[in-house]
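Questions regarding the structure given below will be posed in turn.
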There are 2 protein chains.
Amino acid sequence: MARPRTPLLSRERIVAVALRLIDDEGLDALSTRRLATELSVSGPSLYNHFATKDELLDAVVDSVIGEVDLSMFQPAGTGTAETPWPEALRDWARSYRSALAAHPNIVPVLAQGPGRRPNALRLADAVFGHLVESGWPRGQATRIGALMRYFVTGSALASFAAGFPSDAEVYDAADYPHLGEAHRLAGHRGTVDEGAFETGLEALLDGLALRYARLVERS
Amino acid sequence: MARPRTPLLSRERIVAVALRLIDDEGLDALSTRRLATELSVSGPSLYNHFATKDELLDAVVDSVIGEVDLSMFQPAGTGTAETPWPEALRDWARSYRSALAAHPNIVPVLAQGPGRRPNALRLADAVFGHLVESGWPRGQATRIGALMRYFVTGSALASFAAGFPSDAEVYDAADYPHLGEAHRLAGHRGTVDEGAFETGLEALLDGLALRYARLVERS
DNA sequence: ACCTGAACACCGTTCAAGT
DNA sequence: ACCTGAACACCGTTCAAGT
């Protein structure tokens, strides 16, 4: 057929199908040939739209980051008050985690940092900017951006509960005296992981609020 | 040559060389053929020692987890007092992060959970057991184990600072008004990431201590 | 410009053959 | 039991050829 009158592929469609493949079958299932088959084209066709597979992956990653809500960091406009930093951070962390946890198989790629991806850079800019404008010194604001990313990516990378086999025989009482109930964890993966995330998030915010209070009283 | 009088390979040596390869060149560089070459044998030889590549990876992962210090969770013996939970958790988290951050390329595999790996199960058992014996309700102890793993794996998965390109031209002031200094982050990756980890760890422990205090006063 | 098939140097894994 | 080479069905990517 060679070149069709109207292109068979677009970057958007390639990215969408690649993400679906990664979600459904894991990062290893994304091969250029498999993806091409899924798109009803031959393997090399993809190279008309992305220079390498890595560039394609970058686009997939940035599309996921683009789902994170950043509206809570909007600078105070005319009449609208700026959201207090603990509340903004809490709302953002929840949205960040939701976006990532919907696509856990791609989190290892995404956790490598923003690189040159526009949505990832916008996210870093918004968080850092809001913290600095809230009175955090720049060094502290950087650390908070980092530690929040540690926590959110760690929580989205894999389910804690599902990491424990459901097979009760794994947990020999002689070897692991306290894991007698661990085989039931995976069955409650939703609530366990959600509860751990919320507990950790509130603990972090409380701990940071203590530091903020010390900062304010010293000035 | 066929079967040599004394075996050319052992699981230990295979695991050690595989880990070095992953550390030096990344998870993708670990192919059975490449690893075999590094060990001066042919590719299929590895299958005399591991059933699949995944089983080999499991062994590599568990060898890393085995480096984590768990001595702070030792139950109180005759004359030795049990370490208070916040102190034990702090020491453990630092050792955990050190062990993982020494091998960041394998963290995505390891973060999938303990599975059936003995060192990973021992770790989960020690943390959970110590928290329960310190008075935390079992549900809370599970959540704390989970949220600590989120934070530690997230911090070891990738450097926050190194994720920002050193090329100043990436940070166009029109697009990212607050990232004007971000190109300098990667140059300070050690101190930035270390500072973020310590700030987050102390904030988490402070937040958890608040909850523990509420727990105690209610009983 | 955008698709194709053929080709290159790779993969993980199986298996029969050797000692 | 533990190694080998040959083979199978895969990879990412390049390239000349087609419209």
Side-chain angles (χ1 to χ4, degrees), chain A residues 1-62 105-106 108-110 112 115 117, chain B residues 1-62 105-106 108-110 112 115 117:
Chain A
M1 89 167 50
R3 179 159 106 99
R5 251 182 269 97
T6 157
L8 298 176
L9 297 176
S10 69
R11 285 175 66 102
E12 290 68 30
R13 199 163 78 87
I14 296 170
V15 165
V17 174
L19 182 57
R20 182 165 54 70
L21 198 48
I22 292 168
D23 287 344
D24 292 350
E25 308 187 30
L27 203 53
D28 289 343
L30 183 80
S31 73
T32 55
R33 288 161 205 259
R34 173 72 194 283
L35 175 57
T37 302
E38 218 78 30
L39 290 159
S40 305
V41 296
S42 79
S45 300
L46 299 170
Y47 290 83
N48 286 297
H49 302 270
F50 295 96
T52 62
K53 185 184 172 181
D54 271 354
E55 197 183 281
L56 194 167
L57 259 185
D58 243 34
V60 174
V61 163
D62 215 38
N105 295 334
I106 209 174
V109 183
L110 166 164
Q112 297 305 311
R117 292 179 274 101
Chain B
M1 89 164 48
R3 178 158 108 99
R5 252 183 268 97
T6 158
L8 298 176
L9 297 175
S10 67
R11 286 175 67 100
E12 290 67 30
R13 199 163 78 88
I14 295 170
V15 165
V17 175
L19 181 57
R20 181 163 54 70
L21 197 49
I22 291 168
D23 287 344
D24 291 351
E25 307 186 31
L27 203 52
D28 290 342
L30 183 80
S31 73
T32 55
R33 289 160 205 260
R34 174 71 195 283
L35 175 57
T37 303
E38 217 79 29
L39 289 159
S40 305
V41 296
S42 79
S45 301
L46 299 170
Y47 290 83
N48 286 297
H49 303 269
F50 295 96
T52 61
K53 186 184 172 183
D54 271 355
E55 197 183 280
L56 194 167
L57 258 185
D58 244 34
V60 174
V61 163
D62 215 38
N105 296 334
I106 209 174
V109 184
L110 165 163
Q112 296 306 311
R117 291 180 274 102

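Labels below follow one simple rule: chain letters A, B, ... track the order of the sequence lines, proteins then strands, and each chain is numbered from 1.
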Rounded interatomic separation in angstrom, taking CG from A:Leu9 and P from C:dA1: 16 Å
OG-CG distance between B:Ser40 and B:Leu8, expressed to the nearest 0.5 angstrom: 9.0 Å
Closest-nucleotide ordering on DNA chain D, the 5'-leading residue of B:Arg33 and B:Pro7: B:Pro7
A:Leu57 vs A:Thr52 side-chain heavy atoms within contact, under 4.5 Å: no
Length of the CZ-C1' vector between B:Arg34 and C:dG12, whole Å: 16 Å
Nucleotide C:dC10, atom C1' - distance to CG of B:Leu35 in whole Å: 16 Å
Length of the CZ-C1' vector between B:Arg13 and D:dC3, whole Å: 13 Å
Spacing between A:Lys53 atom NZ and D:dC11 atom C1', to the nearest angstrom: 8 Å
pair B:Val60-B:Ile14: side-chain heavy atoms closer than 4.5 Å: no
For C:dA17, the Watson-Crick or wobble partner whose two distances fall under 3.5 Å: none
Protein-nucleotide distance (A:Glu55, atom CD; D:dT13, atom P), rounded to Å: 10 Å
Shortest side-chain distance from A:Thr52, nucleotide among D:dT13, C:dC3, D:dG5: D:dT13
Validation row: B:Phe50, B:Thr32 side chains within 4.5 angstrom (heavy atoms): no
N/O (side chain, B:Thr32) to phosphate O (OP1/OP2, C:dG12) under 4.0 Å: yes
Minimum-distance pair of heavy atoms, taken over all atoms of A:Leu110 and A:Arg117: O-NH2, 3.9 Å
Residue met sooner reading DNA chain C from 5', once A:Gly43 and B:Ala51 are mapped to nucleotides: A:Gly43
Nearest-nucleotide pick for A:Tyr47, side chain only, options being D:dG12, D:dT4, C:dA6: D:dG12
Nearest-angstrom distance from the residue atom CZ of B:Arg5 to C1' of D:dC2: 14 Å
Base-pairing mate for C:dG12 - Watson-Crick or G-U, with both contacts under 3.5 Å: D:dC8
B:Ser45 side-chain N/O to D:dC3 phosphate OP1/OP2 under 4.0 Å: no
Under 4.0 angstrom between B:His49 side-chain N/O and D:dA1 OP1 or OP2: no
Paired nucleotide for C:dC3 [Watson-Crick or G-U wobble; both distances under 3.5 Å]: none
Given D:dC2, D:dT19, D:dT4, the nucleotide with the shortest approach to the side chain of A:Arg3: D:dT19
Sugar-phosphate only, base, or nothing, as touched by B:Leu46 at under 4.0 Å among non-hydrogen atoms: nothing
Separation of atom CG in A:Asn48 from atom P in D:dT13, rounded to whole Å: 14 Å
Touch class at under 4.0 angstrom, heavy-atom based, for B:Ser31 against every strand present: sugar-phosphate
Sugar-phosphate only, base, or nothing, as touched by B:Leu39 at under 4.0 Å among non-hydrogen atoms: nothing
CG (A:Asp28) with more than 12 external heavy atoms under 6.0 Å: no
